[in-house]
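Written out below as structure tokens is the structure these notes cover.
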Amino acid sequence: MIEITIKDSALQQAAQEGMDTFVGVFIHAIRQGIHDELTTETMALLNADQITLLAWDILHEEVMDGGFVQLIHNGYGPFIFKNPFAKAVKLWGLRDLSKLIYDAHTLYLKHHEKIEQDCTEDEFMALFEQFPEFDDMDDTFVENEESWTEQIAEYIDQHIEQFAHIEK
């Protein structure tokens with residue numbers, strides 16, 4: 001295990017700037033700790049909460065940018081759907097997010113081979129029309145993103161030692 005360290009002053013400033021920045025400080029520190037290389041080897045250096053936070057970051061960035069189709073196309077499906085991410089966020093208290101991930105997992109299993117294929121930009125854009133069943137899930141994510149980020153910030157704050165050592 002590696003020790004992730006965050007300066008207390010940086011944490012205090014992030015907390016004043018809001019929940020997104022607060023969560024972001026931890027994500028940034030964890031990514032720095034693994035040199036921004038999320039691999040089997042670097043995941044072994046992290047604990048379950050740190051890995052779950054990185055999975056949230058990937059899910060958040062991909063879905064907010066291009067939905068679940070983009071997440072799957074960009075190769076993140078196995079990391080999100082074949083790991084206990086949904087169970088982990090449920091344990092964090094995010095039951096609705098967990099349910100959404102389980103529902104998306106069902107569609108992932110059904111369609112991932114087609115979505116993951118190499119394709120041109122036009123073919124990629126056509127995937128959104130070919131798989132409209134992801135649309136409602138994308139909308140649910142966007143509608144709840146702020147609330148889920150707030151819940152994640154609260155979880156981190158209540159379990160801070162699981163995410164980083166705070167240096168005075």
Side-chain angles (χ1 to χ4, degrees), residues 1-6 10-11 13-15 17-109 112 115-116 134-166:
M1 301 295 285
I2 59 171
E3 183 171 85
I4 305 299
T5 302
I6 298 174
L11 190 58
Q13 182 178 347
E17 292 178 24
M19 64 188 166
D20 290 320
T21 306
F22 179 78
V23 171
V25 164
F26 288 90
I27 292 168
H28 178 74
I30 294 166
R31 286 191 174 278
Q32 275 189 316
I34 58 170
H35 306 289
D36 210 17
E37 292 185 32
L38 189 59
T39 64
T40 304
E41 293 79 24
T42 59
M43 283 196 310
L45 302 173
L46 302 173
N47 66 40
D49 280 335
Q50 292 166 330
I51 295 168
T52 300
L53 185 58
L54 291 182
W56 161 257
D57 184 48
I58 290 167
L59 175 74
H60 179 264
E61 292 301 314
E62 292 292 321
V63 175
M64 292 299 286
D65 188 49
F68 281 97
V69 168
Q70 177 177 304
L71 173 98
I72 295 165
H73 179 75
N74 286 343
Y76 294 113
F79 183 57
I80 298 299
F81 301 119
K82 291 186 177 182
N83 284 306
F85 176 67
K87 181 179 179 180
V89 294
K90 184 177 182 180
L91 293 172
W92 285 11
L94 289 97
R95 293 187 186 284
D96 291 341
L97 176 58
S98 177
K99 183 181 180 330
L100 179 66
I101 299 305
Y102 282 123
D103 291 346
H105 182 224
T106 301
L107 291 178
Y108 166 77
L109 291 174
H112 77 93
I115 296 172
E116 291 171 344
F134 286 103
D135 291 349
D136 288 341
M137 292 178 187
D138 296 342
D139 292 344
T140 298
F141 189 91
V142 171
E143 290 165 6
N144 290 285
E145 177 271 337
E146 188 174 323
S147 171
W148 290 335
T149 301
E150 184 177 339
Q151 288 176 279
I152 289 168
E154 288 173 12
Y155 183 86
I156 292 170
D157 191 44
Q158 293 169 2
H159 303 89
I160 212 157
E161 69 284 349
Q162 288 296 107
F163 295 92
H165 170 75
I166 308 305

Working to the nearest 0.5 Å, report the span between [atom1] of [X] and [atom2] of [Y].
{"X": "T106", "Y": "I101", "atom1": "OG1", "atom2": "CD1", "result": "11.5 Å"}
{"X": "M19", "Y": "D157", "atom1": "CE", "atom2": "CG", "result": "13.5 Å"}
{"X": "I30", "Y": "I51", "atom1": "CD1", "atom2": "CD1", "result": "9.5 Å"}
{"X": "L97", "Y": "T149", "atom1": "CG", "atom2": "OG1", "result": "9.5 Å"}
{"X": "T140", "Y": "K99", "atom1": "OG1", "atom2": "NZ", "result": "9.0 Å"}
{"X": "L100", "Y": "R95", "atom1": "CG", "atom2": "CZ", "result": "15.5 Å"}

Please find the pair of heavy atoms, one from [X] and one from [Y], that lie closest to each other, and give the distance.
{"X": "A88", "Y": "T52", "answer": "CB-OG1, 3.4 Å"}
{"X": "I4", "Y": "G33", "answer": "CD1-CA, 3.9 Å"}
{"X": "A10", "Y": "V25", "answer": "O-CG2, 4.4 Å"}
{"X": "A55", "Y": "I80", "answer": "O-CD1, 3.6 Å"}
{"X": "A104", "Y": "M137", "answer": "CA-SD, 3.6 Å"}
{"X": "R31", "Y": "I58", "answer": "NH2-CG1, 3.7 Å"}

Output field: ring centroids F85/F81 closer than 6.0 Å: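 F85 vs F81: aromatic centres not under 6.0 Å.
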
is_close_aromatic(H159, F163), centroid dist under 6.0 Å: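 No, ring centres 6.0 Å or more apart.
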
For [Y], does its backbone N or O pair with a side-chain atom of [X] as donor and acceptor, under 3.5 Å?
{"X": "N144", "Y": "D96", "value": "no"}
{"X": "Q70", "Y": "G67", "value": "no"}
{"X": "S98", "Y": "A86", "value": "yes"}

side-chain contact (heavy atoms from CB on, under 4.5 Å) evaluation trace for E62 with I72: CA-CA 9 Å; E62 292 292 321; I72 295 165; over 6 Å; no

Residues H73 and E116: side-chain donor-acceptor under 3.5 angstrom: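 No - no donor-acceptor pair under 3.5 Å links their side chains.
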
Q13 side chain to E17 side chain, donor-acceptor N/O pair below 3.5 angstrom: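 On atom types as modelled, these side chains qualify, holding a pair under 3.5 Å.
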
Chi angles and distances behind the side-chain contact (heavy atoms from CB on, under 4.5 Å) call for L45, M1: CA-CA 4 Å; L45 302 173; M1 301 295 285; 6.0 Å; no

Heavy-atom side-chain contact between [X] and [Y] under 4.5 Å:
{"X": "V142", "Y": "D139", "value": "no"}
{"X": "V89", "Y": "W56", "value": "no"}
{"X": "Q162", "Y": "N47", "value": "yes"}
{"X": "T5", "Y": "E3", "value": "yes"}

Derivation of the side-chain contact (heavy atoms from CB on, under 4.5 Å) call for K87 and W92: CA-CA 9 Å; K87 181 179 179 180; W92 285 11; over 6 Å; no

Passing option when L59 is tested against F79, W148, F68, Y76 for side-chain contact (heavy atoms from CB on, under 4.5 Å):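 Running side-chain contact (heavy atoms from CB on, under 4.5 Å) over F79, W148, F68, Y76 with L59 returns exactly one hit, F68.
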
Plane angle bin for Y108 and H105 - parallel if under 30°, tilted between 30 and 60°, otherwise perpendicular: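 Parallel.
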
Residues, nucleotides or ligands: over 12 heavy atoms within 6.0 Å of H112 NE2: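 Enclosed.
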
E146 atom CD: more than 12 heavy-atom contacts under 6.0 Å: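 No, the 6.0 Å shell around CD holds no more than 12 heavy atoms from other groups.
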
Worked check of side-chain contact (heavy atoms from CB on, under 4.5 Å) between K90 and L94: CA-CA 5 Å; K90 184 177 182 180; L94 289 97; over 6 Å; no

